[in-house]
Amino acid sequence: MDYFLTEDQQMIKELAAQIADEKVVPVRAELDEKEEFPWEIMKVLAQSDMFGLFIPEEYGGLGAGALELAIAVEELSRACVGVSTTYAANALGTYPLLLFGSDEQKNKYLPDIASGSRLVAFGLTEANAGSDAAGIQTTATLDGDEWVLNGTKQWITNGGEAEIYTIIAMTDKSKGARGASAFVVEKGTPGFSFGKKEKKMGIRASITSELVFEDCRIPKDNIIGKKGMGFIVAMKTLDHSRTGVGAQGVGVAQGALDEAIKFARERVQFGKPIISIQAVQHMLADMATEVEAARSLVYSVARYVDSGAKDISKVSAMAKLYATDVGMKVTTDAVQVMGGSGYMREYPVEKMMRDAKILQIYEGTNQIQRNVIGQALIKEAASKK
Amino acid sequence: MKIVVCIKQVPDTSEVRINPETNTLIRDGVPSIINPYDLHAIEAAVRIKEEGSANVTVLTMGPPQAEDALREAVSMGADEAVLLTDRAFAGSDTWATAYTLAKAAETIGFDLIICGKQAIDGDTAQVGPEMAEFLNIPHVAYVKNIEKINGGSLIVHRLMGEGHDVVEASLPALLTVVREINEPRLPSLKGKMRAKKVEIKKLSGDDINADGSLLGLNGSPTQVKNIFAPEVKKDRKMLEGSPDEQIESLLSELKTLKCI
Ligand SMILES: Cc1cc2nc3c(=O)[nH]c(=O)nc-3n(C[C@H](O)[C@H](O)[C@H](O)COP(=O)(O)OP(=O)(O)OC[C@H]3O[C@@H](n4cnc5c(N)ncnc54)[C@H](O)[C@@H]3O)c2cc1C
């Protein structure tokens, strides 16, 4: 189908697809098996300017938007969600600086992020604060010209490998959700270390680690936005990044659909290729239809975000919710179409199914997305009366 | 430092078929690619540029659609692109091609010329060394490592059957490179954007002050009389095992055949 991409968007899609097919597909099974961080691929992405896609030109980026990022993420996800998570989490960690950073912070960090020479991570979640992000206990206390950070962040993508961390911490516990602030912390700062590295079901090429802050002192100017704005920074960041998670759902679903079709044409049972069996065709037809629907929604929302619209919470939650549910369903169905072969590690779909599951969980579970959409519906209805 | 990289657009032979009647390649519908060895030549030049300072010009002789190959080279980091195009170039064999490329390189100006080892459609590996002869400059073929370039010379490693030679050559010089030298990068987005807009400089036989009698079919001593596929001999047998066992079976085979 023609998605009416511009010449530049088409070019981004082709290059991302080339990287996915030539550099990711041949190594994805090994990266998964060995739980190995994909540095080689990150270098290729850096050399190809992929890290600069959504960074303004004045900071060395390409000045493109949510749609271009979604297209690149989709293509990488078609090959490996472990790789695309590493790439997309970099964008997640960058949004606080991009959306709320001071000129000094942007000048200091964005050029290195655009060139891919420094990777970024975003630290919000803690042991006792997952869906309930307001429950975070990490604190930042002002002491003279420095903030002193204490606490532990859990399950942070790119933790340990990234050089730059955007962190949400409480600056005034008495104020509840209004008492949080966002900070930028560099790897190597005394008092900042890395704890447990998680062993995961899927996206095993990506790294998920604990961040430990023990009297970690950072300059006063490392606060992002104003004091007390931490949750606004976090929520706006997630509003922007969720379209990208939707794109991961589209990509992994497309990858699984491609494999299922290829297999169904080759596998012969009852004297004919199984693709000629109507029950199989119907499954493939549903899968293909859902992938198109998910892609249309993700692209539409990305275009809406790029229009400069402010009310993007509801639609970006919808894109994330729908496209990642499609990702889970289509990868599961691909395993079904391929039968026992689909269940074996010799074929890529069992990994795709394991990988797809995370998309329904991180950056807000799909239940939380429904909450966001529900809240927006109530607000819209109330404002109409 | 000025580097000229010679590249050739070739049919992707992994997708090519042979016309059984004429024994020529069926090129219709076959995608064109940059000769794979030439990608290594481009990469080598771009790395020299990144490590120090150099201006990289890619040069090709070919039909107008060879522009695509030049643009791809620019998307990988080459600075300028030159297309040698003229009806008079048609029918060139390796000798006439090398002469034409040499005249073009002279016109462009260079300190170093880098070529791929050979082109996958002709497989002769002649053009690079022949060019160096026309230009009367030293050449090193089968280069697998450029160790260093300083002032007026360079030190390179030449791949040999077993191991490699370390060769020093004075500049200007010509190198042909093998796959082992590097892993060619993929294009970058900024490179692709530049490639879209870059001006492709076109040069004709006159522009490079070439002697017309040495161009194209006229200038080509090679004449193709006939093309045929070598006969496949099926009555062959591989003897396996340790050398002693192989000798044993060889002797018994020869005895059965009454050769000894
Ligand atoms: C691999 C991986 C990578 C991650 N990367 C990052 C990262 O880079 N940065 C970061 O900050 N975090 C990261 N996270 C954390 C992730 O965002 C959280 O796991 C997620 O927000 C859910 O929180 P939780 O796991 O604590 O689940 P919980 O909040 O404990 O939820 C458990 C279940 O209860 C449901 N539930 C909870 N509250 C509600 C509610 N109000 N309404 C309806 N249902 C509800 C949930 O939907 C879920 O089904 C990562 C997590 C994983 C697994």
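So you know, we letter chains A, B, ... as the sequences are listed, proteins then strands, and number each from 1.
Among all heavy-atom pairs drawn from B:Lys190 and A:Gly60, the shortest one is NZ-O, 2.7 Å. Across all their heavy atoms, A:Ser48 and B:Leu186 have their closest contact at OG-CB, 4.4 Å. Considering all non-hydrogen atoms of both residues, B:Pro187 and A:Gln18 come closest at CD-OE1, 4.0 Å.
Separating the OG atom in B:Ser188 from the CG atom in A:Leu15 is a distance of 8.0 Å, to the nearest 0.5 Å. Remark: B:Met193 CE to A:Ile12 CD1 distance equals 5.5 Å, nearest 0.5 Å. We find the CG-CD distance between B:Leu189 and A:Gln47 to be 12.0 Å, quoted to the nearest 0.5 Å.
Counting non-hydrogen atoms of neighbouring residues, nucleotides and ligands closer than 6.0 angstrom, the CD atom of A:Glu346 reaches no more than 12 such neighbours. Within 6.0 Å of NZ in B:Lys49 there are more than 12 heavy atoms belonging to other residues, nucleotides or ligands. B:Gln65 CD: more than 12 foreign heavy atoms inside a 6.0 Å radius. Heavy-atom neighbours of B:Met238 CE from other residues, nucleotides or ligands within 6.0 Å: at or below the threshold of 12.
A:Leu62 touches chain B through its side chain: at least one heavy atom from C-beta onward sits under 4.5 Å away, while N, CA, C and O do not. Proximity to chain B (any heavy atom under 4.5 Å) is shown, for A:Ile19, by both the backbone and the side chain.
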Report the C-alpha separation of A:Asp8 and B:Lys196 in whole Å, then their side-chain angles, then the decisive distance to 0.1 Å, and conclude whether the side-chain contact (heavy atoms from CB on, under 4.5 Å) test is met.
CA-CA 10 Å; A:Asp8 282 355; B:Lys196 236 175 27 184; 2.7 Å; yes
